[in-house]
Amino acid sequence: MHGRGRLAPLLLVAGFSLLLAAWVGSNAPGFGPDEPANFVKEVGAGTGQWSGTPGRLAHPAFGAQPGAPERIDWINRNSRVFRLPAGLDPGPAGFPCDLFRNWLSVRCLDRPHSRPPATRALSYVGTYEPYVYAVPGAAMARTHTALGALYTGRAVTAALVAALLAVAVAAAWNGPAGPLSVAGVLLAASPMVLFMGSVLGTNGIEIAAATALFSLVLRMGREAGPPRWAWPAVGVVGALLALARPTGPAWVLLAPLVGLVLAQRRTRGRGDPGASQDATRWRGTNRWRGTNRWRRAWPVPWLGLAVGGVVATASWERAVQPHPGIRRGLVIEGLHRLPHDADAWVRQWVGVFGWASLPMPTYAYRIWWLAVVVLALVALAAGPWRARLGFVAVLVGAAVVAVGLDVAVLHQTRFPVYGRYLLPLAVLLPLTAGEIITRRAARLPAAVRRPLQVAVPLLVAAVHLVGLWANARRYAVGTGGPGWFLGRSQWNPPGGWSPWFALAVAGAVCLVGFALTGLRAVPATPGAPTGGGPDTGDLTAYPTATDASYATEQE
């Protein structure tokens, strides 16, 4: 039982990691959103140039689009110039080429390029917080070619994202509920999340960190309370999220509200034997925390770490980052555009690759959103009234925050509001639905529980493969090229397509293996504490005895 319980979450983490690796290598250089600008920023931050020197675009052009002068002004206000070591200028390296011309392959990347000397280059994300940029940037600065630096930076970013998704899986996993407990994480980690987590920039790290932090606070709201490792995880993940992007602190401050709204009522009192056993176990294994005073103080330093991240980003925002004003006309315009923008977000939250210009086949979006809607409906049907109201409150609150950021902040720059900016909010839908189902798993009929825990990972694996293939086809032969392009590819990633597709298939196989563990899982005993239980930090350390207090949860 313990071996099987340990295998399932490990398979899921391995699947995410392998799919991330496939994205790192198969995506053409420079075809992550704003990847050349992020390249310059990361190398600059990695070599200690946190703010660079002011600069302006040499030949800005937005045609006759409305607001073009304001867009150019906003870009110039954010632009900084950084010194780059010899060989690390992305401009002469030629990526990206034929951008937005999806009908073409990117064989233009194979043109010969000379090794540039040390130089200076402009980045229009130069004023962004440098803290997380510096992590991959330090590794990139030690390479000798722009192409090598790009793949090195991608690999470091993907490793961070894989670690954050592993935290999310560990937080969501519940032994009695089995594979069903991570259905929300599976649907939160869409192809777009893995794509963004495999390219240069901090947006993917922000999304993965938000997924991990929300999973942690939902776990901490279970009846049994948080495991010992949860507070250090909250501190580290919260600090990383706050430092990643300007919007990071907003998600950190939102997380405890989400946890409180969906928290279960604690039914164990001072006289409860189970509570006494927990206290005895705590004292026996953690003597330095033997008193209640130290136990209450345990979260303080970790919360301080997250607060420190918020303060650091707020200080940078105040000192360096420009901010658009709030113009009433643009607010009204943004509200009028909401239906159009929301339609684009729904697709971009699942996967629109390149520079938000390369969609997947329509059926892939339908499959993904069908799975999300089914998960949400099961949560509403199975959850107690308090959880249902909390679920609705979280979704309404997230929608209000998203609209506010859209019309009052992002739209004020006259740039479109891309779905990736709001993905840290969008993950709340599957995560909260999945958490409610986890807490009520023992009450679900087998006819609902078993299909869910098997079908969700299978559908997720299929859509991930579709996204990877659609993305690769665009660069290999163009969107008008043959559907099966292997052997006819006009551009090939390092090592050819075979190793990267092998990684993708291996990742999908891990997800299929995870789904098969759902077939073997023993249904939770009705009344069992699927909301948590005494947790020693091991993924398999969950009680098997029933708990009458759980069965009497107020409806």
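Values reported hereafter were calculated over all heavy atoms of this structure, with side chains retained and with hydrogens, waters and symmetry mates removed.
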S.K.: Hey, mind stepping through Val378 and Leu444 against side chain to side chain contact (heavy atoms under 4.5 Å, CB included) and telling me if it holds?
M.R.: CA-CA 9 Å; Val378 172; Leu444 287 178; 4.1 Å; yes
S.K.: Is there a side-chain contact between Leu104 and Trp491 in this structure, where contact means two heavy atoms from C-beta onward sitting under 4.5 Å apart?
M.R.: no
S.K.: Tell me if a side-chain donor or acceptor on Ser181 pairs with a main-chain N or O of Gly178 at a distance below 3.5 Å.
M.R.: yes
S.K.: Using 0.5 Å steps for rounding, measure from the CD1 atom of Ile367 to the CG atom of Leu458.
M.R.: 11.5 Å
S.K.: Using side-chain hydrogen bond (donor to acceptor under 3.5 Å, both in side chains) as the criterion, list what pairs up with Trp231, not counting sequence neighbours.
M.R.: none
S.K.: How would you list all residue pairs meeting side chain to side chain donor-acceptor pair (under 3.5 Å) that involve residues 350-367, not counting sequence neighbours?
M.R.: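 Passing the test, one end in residues 350-367: no pairs.
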S.K.: Assess the pair Tyr418 and Trp345: is the distance between their ring centroids shorter than 6.0 Å?
M.R.: no
S.K.: With no hydrogens and no angle check, just 3.5 Å: does a side-chain donor-acceptor pair link Tyr133 and Asn38?
M.R.: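 Yes.
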S.K.: State the CG-CG distance between Leu240 and Leu213, to the nearest 0.5 angstrom.
M.R.: 10.5 Å
S.K.: Verify, without hydrogens or angle tests, whether Arg488 (side chain) and Trp484 (backbone) share a donor-acceptor contact under 3.5 angstrom.
M.R.: yes
S.K.: Quick one: closest heavy-atom pair of Gly434 and Leu375, and the distance?
M.R.: N-CD2, 4.0 Å
S.K.: If I take atom CD1 from residue Ile437 and atom CG from residue Leu452, how far apart are they, to the nearest 0.5 angstrom?
M.R.: 6.0 Å
S.K.: Is there a donor-acceptor contact under 3.5 Å from the side chain of Ser489 to the main chain of Phe485?
M.R.: no
S.K.: Tell me whether Glu42 contacts the main-chain N or O of Met140 through its side chain, where contact means a donor paired with an acceptor under 3.5 Å.
M.R.: no
S.K.: As an exercise, state the distance from CG of Leu428 to CZ of Phe214, rounded to the nearest 0.5 Å.
M.R.: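 Nearest 0.5 Å value for the CG-CZ distance: 4.5 Å.
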S.K.: Taking C-beta and beyond as the side chain, do Leu468 and Pro191 meet within less than 4.5 Å on heavy atoms?
M.R.: no
S.K.: Given Lys41 and Leu200, is the side chain to side chain contact (heavy atoms under 4.5 Å, CB included) satisfied, shown in steps?
M.R.: CA-CA 10 Å; Lys41 172 69 176 182; Leu200 299 184; over 6 Å; no
S.K.: Taking all non-hydrogen atoms of both residues, which atom of Ala441 and which atom of Leu180 are closest, and how far apart?
M.R.: CB-CD2, 4.2 Å
S.K.: Decide if atom CZ of Arg111 counts as having more than 12 heavy atoms of other residues, nucleotides or ligands within a radius under 6.0 Å.
M.R.: no
S.K.: Side chains of Trp251 and Leu425, heavy atoms from C-beta outward: is any pair under 4.5 Å?
M.R.: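 Yes - at least one pair of side-chain heavy atoms lies under 4.5 Å apart.
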S.K.: Test Val460 against Trp368 for side chain to side chain contact (heavy atoms under 4.5 Å, CB included), laying out the working first.
M.R.: CA-CA 7 Å; Val460 165; Trp368 198 275; 3.9 Å; yes
S.K.: With sequence neighbours left out, which residue pairs that include part of residues 233-250 fulfil the side chain to side chain donor-acceptor pair (under 3.5 Å) condition?
M.R.: Glu206-Arg245, Glu206-Thr247
S.K.: Could I get the full list of disulfide bond (SG atoms under 2.5 Å apart) partners for Cys510, not counting sequence neighbours?
M.R.: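 Cys510 satisfies disulfide bond (SG atoms under 2.5 Å apart) with no other residue.
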S.K.: Quick one: does Arg142's side chain have a donor or acceptor within less than 3.5 Å of a partner on Ala138's backbone?
M.R.: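 Side chain of Arg142 to backbone of Ala138: a pair is present.
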S.K.: Taking the side chain as everything from C-beta on, heavy atoms only, tell me whether Leu358 gets closer than 4.5 Å to Val352.
M.R.: no
S.K.: List the atom of Ala244, the atom of Val132, and the distance in Å for their closest heavy-atom pair.
M.R.: CA-CG2, 3.7 Å
S.K.: Just by modelled atom types, is the Gly383 backbone N or O under 3.5 Å from a matching donor or acceptor in the Arg388 side chain?
M.R.: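 Checking the backbone N and O of Gly383 against the side chain of Arg388, a donor-acceptor pair under 3.5 Å is found.
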S.K.: Sub-3.5 Å donor-acceptor pair from the side chain of Trp173 to the main-chain atoms of Val182, do we have one?
M.R.: no
S.K.: Within a strict 4.5 Å, meaning less than it, do heavy atoms of the Ser190 and Phe195 side chains meet?
M.R.: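 Answer no - side chains too far apart.
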S.K.: Roughly how far, to the nearest 0.5 Å, is CG of Leu511 from CG of Leu186?
M.R.: 6.5 Å
S.K.: Determine which pairs satisfy salt bridge (Lys or Arg N to Asp or Glu O under 4.0 Å) with at least one residue from residues 24-40, sequence neighbours left out, and list them in order.
M.R.: Asp34-Arg420, Glu35-Arg154
S.K.: Tell me the closest heavy-atom pair linking Ala504 and Leu465, and the distance in Å.
M.R.: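 Closest approach of Ala504 to Leu465: O-CD2, 3.7 Å.
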S.K.: With side chains defined as the heavy atoms from C-beta onward, is the minimum distance between Trp500 and Val24 less than 4.5 Å?
M.R.: no
S.K.: Do the side chains of Ile205 and Leu241 get nearer than 4.5 Å, heavy atoms only?
M.R.: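 The answer is no; the side chains never approach within 4.5 Å.
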S.K.: Distance-only, no hydrogens or angles: does the Arg449 side chain make a donor-acceptor pair with backbone N or O of Ala177 under 3.5 Å?
M.R.: yes
S.K.: Take Thr438 and Arg222 through the test side chain to side chain contact (heavy atoms under 4.5 Å, CB included) and record every step on the way to the result.
M.R.: CA-CA 10 Å; Thr438 298; Arg222 293 178 187 173; 3.8 Å; yes
S.K.: Kindly say whether Ala242 contributes a backbone atom to a donor-acceptor pair with the side chain of Thr313 at under 3.5 angstrom?
M.R.: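 Yes, because the side chain of Thr313 sits within donor-acceptor range (under 3.5 Å) of the backbone of Ala242.
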S.K.: Within the distance-only criterion (no hydrogens, no angle test), does the side chain of Ser105 pair as donor or acceptor with the backbone N or O of Val477 below 3.5 angstrom?
M.R.: no
S.K.: Do Val193 and Thr211 come within less than 4.5 Å of each other through their side chains, counting heavy atoms only?
M.R.: no
S.K.: Where do Leu165 and Ala189 come nearest, in terms of heavy atoms and distance?
M.R.: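 Where Leu165 meets Ala189 most closely, the heavy atoms are CD2-CB, 4.4 Å.
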S.K.: In Å and rounded to the nearest 0.5 Å, what is the CH2 to CG distance from Trp23 to Leu503?
M.R.: 13.5 Å
S.K.: Do the side-chain N and O atoms of Ser26 and Trp497 include a donor-acceptor pair separated by under 3.5 angstrom?
M.R.: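 No, because no side-chain N or O of Ser26 sits under 3.5 Å from a partner of the opposite role on Trp497.
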S.K.: Could you give all pairs that pass the side chain to side chain donor-acceptor pair (under 3.5 Å) test and reach residues 469-480, with sequence neighbours left out?
M.R.: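 For residues 469-480, and leaving out neighbouring residues, the side chain to side chain donor-acceptor pair (under 3.5 Å) pairs sorted by first residue read Asn27-Asn471, Asn102-Arg474.
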S.K.: Would you call Arg219-Glu435 a salt bridge at under 4.0 Å N-O?
M.R.: no
S.K.: Gln348 and Ala356: which non-hydrogen atoms are nearest, and at how many Å?
M.R.: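 The pair with the smallest heavy-atom distance is NE2-CB, 4.5 Å.
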